[in-house]
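In what follows, a structure is listed as C-alpha cells, so that the remarks can point back to it.
Computed from a prediction, not measured in an experiment: that's the story for all the values here.
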Amino acid sequence: MTRWPLYEDQRRWENRLAGPELIFDPAVDHVTYVCDEGGRSGVPADAERVHVVPDLDDLDGVLKVVDAVVRDEGPFDYVIGLSEALLEHAATMRERYGIQGSRREETARFRDKTVMKELVAQAGLRVPRWASCRTEEQVLAAGEEFGYPVIVKPVRGAGSVGVSRIASAEELRALCAERSLKDLEIEEFVQGDILHVDGVLDATGRPLFVCTSRYISTCLDFELQGEPLGSVLQTDPAVRERCEDFALRCLAALGLRSSAFHLELFDTGDELVFLEVGARAPGADVPYVVHDVHGVNLFRLWVDVLLGRPVDLPAPRPERSGGWLMVPGPRPLPQKVIDATPLIGEVPYVYQELVPRPGEVLEYRPGSYARIQGGRFLFRGGTQEQIERAVLQAREQYRLTAEHVQ
C-alpha cells in the first residue's frame, strides 16, 4: 500500500528512497499495489497489478478492494505499508488473510502513546508522567500534579500535529472548553535536549543498523512557532552508546521485531527520558542524510527484513556526520514566493537544497515534514561540530521573501 507520490520536479527528493525500483526486485517480487490518486505516481508505470482507491484512510473501502483481489488472484505472502498511517491497515490485513507479520495488538504499541509509555515504564525505564484525558476536572488535577507547563497531545498523532504546550491552569481550562478530550493525553513537560535514534531490527530484535541524531530546535516549535527544524548525526561514542543502549532497551520492552524504528528521547543532562517511538523509518529528511552519509537505505533494509532477504550492509563508519534543516513556509499560507537565497556554495557542507522559486505558491499540506516548505537543506562532509555550525549558519543566513495570496 502506498500514498507516497514521486515528483517530476527533479529538485524534490522526498519518497525516492522508498520507490519500488529501489525496494523490490522485479525478477523475484510480484507486487500488487493498492494506492490512492496521490500515490499513483509512486507506482511503476509498467506495474501489472494496480488498484486505486478513493481514500486510503477508509479501511472498509480498502478491504473491499483487497477482498476482491484475494478472491480473483489468490492470497498474498506479505503486506507492506511503509507510511505510519498505513501500519494499522497492514496489521488488519495480516489478521484477515492469515499473513505473517505484525498484528493489530503489536502495532498498537507503536501507535498509541499511552500504551507505549506504559510498557516502557513497566521495564523500569524513565518516561514522562502522563494520564489519558477524560474530564476537565481530571485533566486539571493532572496539570497540578505534573506542574506547568504541560503537554496535551493526540494519543495517536504524528508530526506534532494537534500538540499543545499549556502554560497555566487557565490555558488548560480554555483548551478543555475548545476541544473534545477524546483521544488526548496530558503529560509532564520534560526540559532537555531531544535526540532521535533510528535504525532497523532483524527478526530477533537485533539492530542491523542504528544511528543517533540531535535535534536543532524541536518538532513542537516547528509546528507551533514556525521555527526551522533539523538534526545532526552524532559521532561522540559516549553519546551514541548511551542513547542507543537506552533506545534498544525501550524497543525490547515493546517487543519490536523485523521493523524500522524512529525513537525520540529527552536528555536532561542527568538522565534519558523516553518520548515516543514509531515502528517505521524516520520522517523528514533523516533517511536521505543516513543514505548519503552511511550508504544505508532504511526503506530497502526494512523491506529486506520483512521479506526475509539477505542483508548486505556497508562497513559502519560511526565517525561520519551529516544533517538537515527545514525552514517552514511563512504564515499565513498560502504565500507566493518573491525571492529566496540558495545556500549551496554559501554555507559549508550543504550538498543539496530545495529552495522555492519566485512565483511558486507555498501551501499548507498537513501530516508531513518532507514537503517543499520554505526551504530544505542537506549537509555532509564535515565533523559533527562542523555540521552543527553549518546548520546553525544556514538557519541564520537563509532568507525567504513572500506575500500572502487568497
Side-chain angles (χ1 to χ4, degrees), residues 57 59 84-85 87-88 91 104-194 196 215 217-227 229 246 250 253-255 262-279 331-332 364 366-367:
D57 292 329
L59 178 58
E84 180 164 355
L87 295 178
E88 289 172 302
R104 284 180 291 180
E105 185 278 330
E106 179 180 345
T107 301
R109 303 176 211 161
F110 301 91
R111 291 285 289 148
D112 188 314
K113 292 177 172 56
T114 61
V115 172
M116 67 178 69
K117 283 197 286 287
E118 183 173 353
L119 291 172
V120 171
Q122 288 175 359
L125 299 164
R126 171 81 160 92
V127 303
R129 292 174 293 167
W130 88 98
S132 298
C133 296
R134 297 186 296 274
T135 67
E136 179 177 336
E137 181 181 9
Q138 171 258 334
V139 169
L140 288 168
E144 291 302 316
E145 177 187 350
F146 300 159
Y148 293 97
V150 293
I151 299 295
V152 177
K153 63 174 68 171
V155 169
R156 290 174 175 261
S160 293
V161 176
V163 178
S164 299
R165 181 165 48 207
I166 305 298
S168 66
E170 290 72 25
E171 287 188 20
L172 192 53
R173 285 193 189 92
L175 181 141
C176 292
E178 294 168 359
R179 297 175 59 178
S180 168
L181 297 179
K182 183 181 179 182
D183 299 326
L184 296 179
E185 64 152 353
I186 181 171
E187 67 179 40
E188 165 193 12
F189 179 82
V190 178
Q191 185 67 50
D193 290 347
I194 302 179
H196 56 91
Y215 277 116
S217 188
T218 69
C219 300
L220 185 58
D221 287 338
F222 179 89
E223 187 69 26
L224 296 184
Q225 306 297 330
E227 292 288 333
L229 176 67
F246 180 83
C250 292
L254 292 164
H262 171 70
L263 185 144
E264 296 181 344
L265 57 87
F266 299 101
D267 183 357
T268 70
D270 298 322
E271 61 180 349
L272 299 181
V273 183
F274 174 84
L275 174 52
E276 61 187 44
V277 61
R331 300 181 182 184
Y364 179 66

Nearest 0.5 Å please: distance from the CG atom of L272 over to the CG atom of D193.
11.0 Å

Minimal non-hydrogen separation, A91 against T107, with atom names
CB-OG1, 3.4 Å

Taking all non-hydrogen atoms of both residues, which atom of S217 and which atom of E227 are closest, and how far apart?
OG-CB, 3.6 Å

I'd like to know if R111 and E88 make a salt bridge, using a cut-off of under 4.0 Å between side-chain N and carboxylate O.
yes

Between the side chains of E264 and Y215, does any donor sit under 3.5 Å from an acceptor?
yes

How many angstroms lie between atom CG of L175 and atom CG of L181, to the nearest 0.5 angstrom?
7.5 Å

From CA spacing to verdict: side-chain contact (heavy atoms from CB on, under 4.5 Å), M116, V277
CA-CA 8 Å; M116 67 178 69; V277 61; 4.0 Å; yes

Short side-chain to backbone donor-acceptor contact, T268 and D270, under 3.5 Å:
yes

When I194 is tested against each of T218, V273, L220 for side chain to side chain contact (heavy atoms under 4.5 Å, CB included), which residue passes?
T218

For E137, does the CD atom have more than 12 heavy-atom neighbours from other residues, nucleotides or ligands under 6.0 Å away?
no

Rounded to the nearest 0.5 Å, what's the gap from CD on E106 to CG on L87? Could you check?
10.5 Å

What closest approach, in Å, do E144 and A169 show between heavy atoms, and which atom pair accounts for it?
OE2-CB, 4.1 Å

When rounded to the nearest 0.5 Å, the distance separating OG1 of T114 from CG of L184 is 11.5 Å

Quick one: does R179's side chain get under 4.5 Å of S164's, heavy atoms only?
yes

What heavy-atom pair brings F274 and F246 nearest, and what distance separates the two atoms?
N-CZ, 3.6 Å

Taken to the nearest 0.5 Å, the spacing of L275 CG from H196 NE2 works out to 11.5 Å

Correct closest heavy-atom pair for V127 and V120 would be CG1-CG1, 3.6 Å

Give me the atom names and distance for the closest heavy-atom approach of L172 to G143.
CD2-CA, 4.4 Å

List the steps and the verdict of side-chain contact (heavy atoms from CB on, under 4.5 Å) for D221 and R165.
CA-CA 10 Å; D221 287 338; R165 181 165 48 207; 2.9 Å; yes

To the nearest 0.5 Å, what is the distance between CG on L140 and CD on E170?
9.5 Å

Give the intermediate values and the outcome of side-chain contact (heavy atoms from CB on, under 4.5 Å) for residues W130 and E118.
CA-CA 9 Å; W130 88 98; E118 183 173 353; 3.9 Å; yes

Examine distances only and state if a side-chain atom of E187 and a backbone atom of F146 form a donor-acceptor pair shorter than 3.5 Å.
no

Hey, which of K153, K117, R156 is the one that makes salt bridge (Lys or Arg N to Asp or Glu O under 4.0 Å) with E276?
K153

